[in-house]
Each structure stands twice: as structure tokens, then as C-alpha cells.
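Notes for the one structure printed next.
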Amino acid sequence: MSAKFKAACITGGAGFIGAHLARRLLKQNISVCVLDNLSVGRIENVPPEARFVHGDILNPGDCARALEGCDVLFHLAARVAIRASFEFVVEDTLCNVTGTATVLRAAAQTGSVRKVVSASSMAVYGDNARALPIPETRPATPISPYGISKLALEQLTHRLAAVAGMESVALRLFNTYGPGQRLSPYVGVITIFTNALRAGTSPTIFGDGLQVRDFVHVQDVVSGFVQAMESPVTGETINIGTGAPQTVLEVFDLLARELASDIPPTHVGAVPGELRYAIASIEKAKYLLGYEPKYDFRKSVPGVVAEIIGHATESL
Ligand code: NAD
């Protein structure tokens, strides 16, 4: 195993997952610099002990400033909306592909960065014919521009890192939930449903609600990032999920029960670019990283709901 890492740069570290990752690294006595343009992320998410660079991954100078003195890069900054990635295909491709190339080149130029861990997505997989876990050996045939941009991110991460002598891991994250997830029309079905039910309005379900998802707690995802940093693994792309399927309707029912709501959902047409079945095979993560998800979805939901409605039992 390579020498321990001491200083991390987290792009997108003011966002949902990056903010949790920053806190975990600081707890492990790794110093943290966050690079975020605050387009979605919030300054309050950045821990006071972290250095903050308010900048853009598309700007080589901002990347160089953020990476100064760092030995590991966690690249999480992205435009993350799958559904909207058709409408914003140019903006998303620029951020997720050119932005990745820009930050990777800056990392290579530091001479100090030894490992890069990039956030990819289950969206790189095409649709799955059955509700079975998807292994990484499944050919990646993304059906959304977002998925296409994440496939490019994986390949840029591995190639540019290898040429520069840096180690690399790309993590294909499945549906991540947990405290601190921002409300937006595109991400965070738990946050969206909870807020709608609380407001007394009927949450929208796209299609029949029988689409299957693998909900993984943000703390388990953060463990995956840390294990990817600590392990000697390089050049690998690895799923991070739980392997446990939930339909969107099951999630709705769980939340409705939790909130004692009898408001039914409103079904509208299915949207292009969304997968029917997205369940992670996590065998590779277990084998290569020693990854083992600890959070049970059903048991975690009440805590997350409480946080969303302002009676936090969990916090950043
Ligand atoms: P998020 O939107 O909360 O965080 C992304 C952060 O990147 C935000 O703080 C945003 O301000 C920042 N950002 C965006 N464009 C930037 C730019 N050009 N320069 C600098 N900063 C920029 O999203 P998240 O849920 O925390 O996701 C983190 C990563 O994980 C993303 O790469 C996302 O694609 C990936 N991912 C997330 C999920 C999930 O379920 N949340 C699933 C699969 C993959």
C-alpha cells in the first residue's frame, strides 16, 4: 500500500456527498480543500476546518489553487440531473467532461497528487432487462447524456491518471440518500416525496412507480470513497450501492406511513433516460475495497425524514 494520504482536494465538496466526505476525512486527520462554484452546493456545508476555494473545475487556475499541496483528489463536482441532461446537454457535457479533463490535468501538473477517486454513476449502465444486480462487467451503454458524460469521466480519470503516474478509482454510485440532501426537482426522491406530503400535495411518480432502485446511505458511500483512497487498487471502476432493491412505490408507501399521510401519488408518463431496474452488484467493492454497507434503508428512513422536516436526529 502507498504511504498514507495527508491532504485531500474535494471538488464539489460543498454539495451533498462531498460535504459528508470532507467531514469524514477531517476526522481521519486528513486536511481538506474544497473546490466548489456554489452553483448547487452551499458554503454552510463546508466544514470550518477546511480550506475553501470558490471556483470552477473548468478554470485551470482555480483547480491549481485548490490542489496546491494535496496528495489525493476526490472529484465529485458535476451537474447531476439525469432527466434535465437532455435539455442541458451542452452545459452538462462541458461541466462533466471538459471539467473532469481540466481538473485531472491540473492534478497531474501538481506532481504531488498520487491518487484520484472520481464519482461516476449507475447511469452509465443501459437499461437492465430484469431486477437483478448489475455487475461492472455489464457493457456500459448509457441512455442519458448524463450517463454518457459519466462514462467519459471514468475513462478520462483512468487514462489521464495512468499517463501521469497517479492511481485512479472511479466509483459508480447508486441512489444516494441521507441528511443534507438538497431539494431539487431532479434528485433526491425521498426529499421530494417528504416535502410534498408535508405540504399536503400529491407527489409525482414518473411511470408506474415499479422502477427499481438501490438506495445507499451517504455514510456508506463516503466509506466507499475512503476505502478507494486507502486501498492499493488502481485503474478500477467499482459499483457502490447495497444490492437491495426498492421500488419507487415502496419508498412512497414507507414515507406516507412515516408521515401518517393518506395522500395518494400522482402518476405521470415515464421519462426518457431513466432506468427501469438499477440495482448494484457490490461483489467487486467487497472484494477489492472491503466495502460493506452498514445502513439498512427501511431503518434509516425515519431519521432522514426527521432531518428533512427540521427535527434533525442526524446532521452533517
Ligand atoms: P450535488 O449537486 O449536491 O454536489 C455537486 C457539487 O458540485 C455542488 O456543490 C455544485 O455546486 C458543485 N459544482 C457543480 N458544477 C461545478 C463546477 N463547474 N465547478 C465547481 N463546482 C461545481 O451532488 P451530489 O449528490 O453530492 O453528487 C456528487 C457526485 O456524485 C456527482 O458527481 C454526482 O454525479 C455523483 N452521483 C451522485 C448520486 C446521488 O444519488 N446523489 C448518484 C450517482 C452519482
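Every number for a ligand or one of its atoms is a count from 1 in the order of the listing. For this chain, numbers begin at 1 and follow the sequence in order.
Backbone and side-chain nitrogen or oxygen atoms of S39 are examined, and one is located within less than 3.5 angstrom of a nitrogen or oxygen of ligand 1. Annotation: M122 places no N or O atom under 3.5 Å from an N or O atom of ligand 1; distance criterion only. An N or O contact shorter than 3.5 Å is missing between L173 and ligand 1 by distance. Taking distance alone, with nitrogen or oxygen atoms compared against 3.5 Å, V40 approaches ligand 1 more closely than that limit. Ligand 1 has an N or O atom lying under 3.5 Å from an N or O atom of D36, backbone or side chain. Remark: ligand 1 and C95 share no N or O pair separated by less than 3.5 Å (distance only, no angle test). Some N or O of N37 is nearer than 3.5 Å to an N or O of ligand 1, by distance alone. Where the criterion is an N or O separation shorter than 3.5 Å, residue side chain and backbone included, F16 meets it with respect to ligand 1. Checking only distances, V80 never comes within under 3.5 Å of ligand 1, N or O to N or O.
Smallest separation of non-hydrogen atoms from A66 and C33: O-SG, 3.4 Å.
With a heavy-atom cut-off of 4.0 Å, S120 touches ligand 1 through its backbone alone. Under 4.0 Å from ligand 1, not a single heavy atom of R79 appears. Residue N45 does not touch ligand 1, judged by heavy-atom distances below 4.0 Å. Under 4.0 Å from ligand 1, the heavy atoms of F174 that appear belong solely to its backbone.
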Using atom types as modelled, flag every donor-acceptor pair under 3.5 Å from a side chain in residues 249-267 to any protein atom, sequence neighbours excluded.
| unit_1 | atom_1 | unit_2 | atom_2 | d |
| --- | --- | --- | --- | --- |
| E250 | OE1 | T247 | N | 2.8 |
| S261 | OG | I263 | N | 3.1 |
| T266 | OG1 | S202 | OG | 2.6 |
| H267 | ND1 | G207 | O | 2.7 |

Got a list of side-chain donor-acceptor pairs under 3.5 Å for residues 279-294, not counting sequence neighbours?
| unit_1 | atom_1 | unit_2 | atom_2 | d |
| --- | --- | --- | --- | --- |
| K284 | NZ | E236 | OE1 | 2.8 |
| K284 | NZ | T237 | O | 3.0 |
| Y291 | OH | G241 | O | 2.5 |

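With atom 32 (O) of ligand 1 as the reference point, the heavy atom nearest to it among R172, K150, H75, R213 is part of K150. Atom 27 (O) of ligand 1 has its nearest heavy-atom neighbour, among L35, D92, I17, V124, in I17.
Interface of L38 with ligand 1, defined as ligand atoms under 4.0 Å from a residue heavy atom, comprises 11 (O). Every atom of ligand 1 with a heavy atom of L76 under 4.0 Å away is listed here by number and element: 28 (C), 29 (C), 31 (C), 32 (O).
Between atom OH of residue Y125 and atom CZ of residue R138 there is a gap of 8.5 Å, rounded to the nearest 0.5 Å. Here the CG-CZ distance, from L104 to R159, works out to 12.0 Å after rounding to the nearest 0.5 Å. Rounding to the nearest 0.5 angstrom, the gap separating the CZ atom in R51 from the CG atom in L35 is 9.5 Å. For the atom pair CD1 of I190 and CD of E307, the computed distance is 11.5 Å after rounding to the nearest 0.5 Å.
The closest side-chain heavy-atom distance from I240 to D220 is not below 4.5 Å. Between F206 and V268 there is a side-chain heavy-atom pair separated by less than 4.5 Å.
For A19, the heavy-atom gap to ligand 1 stays at 4.0 angstrom or more.
The aromatic rings of H54 and F52 lie parallel to each other, with less than 30° between the two planes, well short of the 60° mark.
One finds a salt bridge joining D208 and R276 here, because a Lys/Arg side-chain nitrogen approaches an Asp/Glu carboxylate oxygen to under 4.0 Å.
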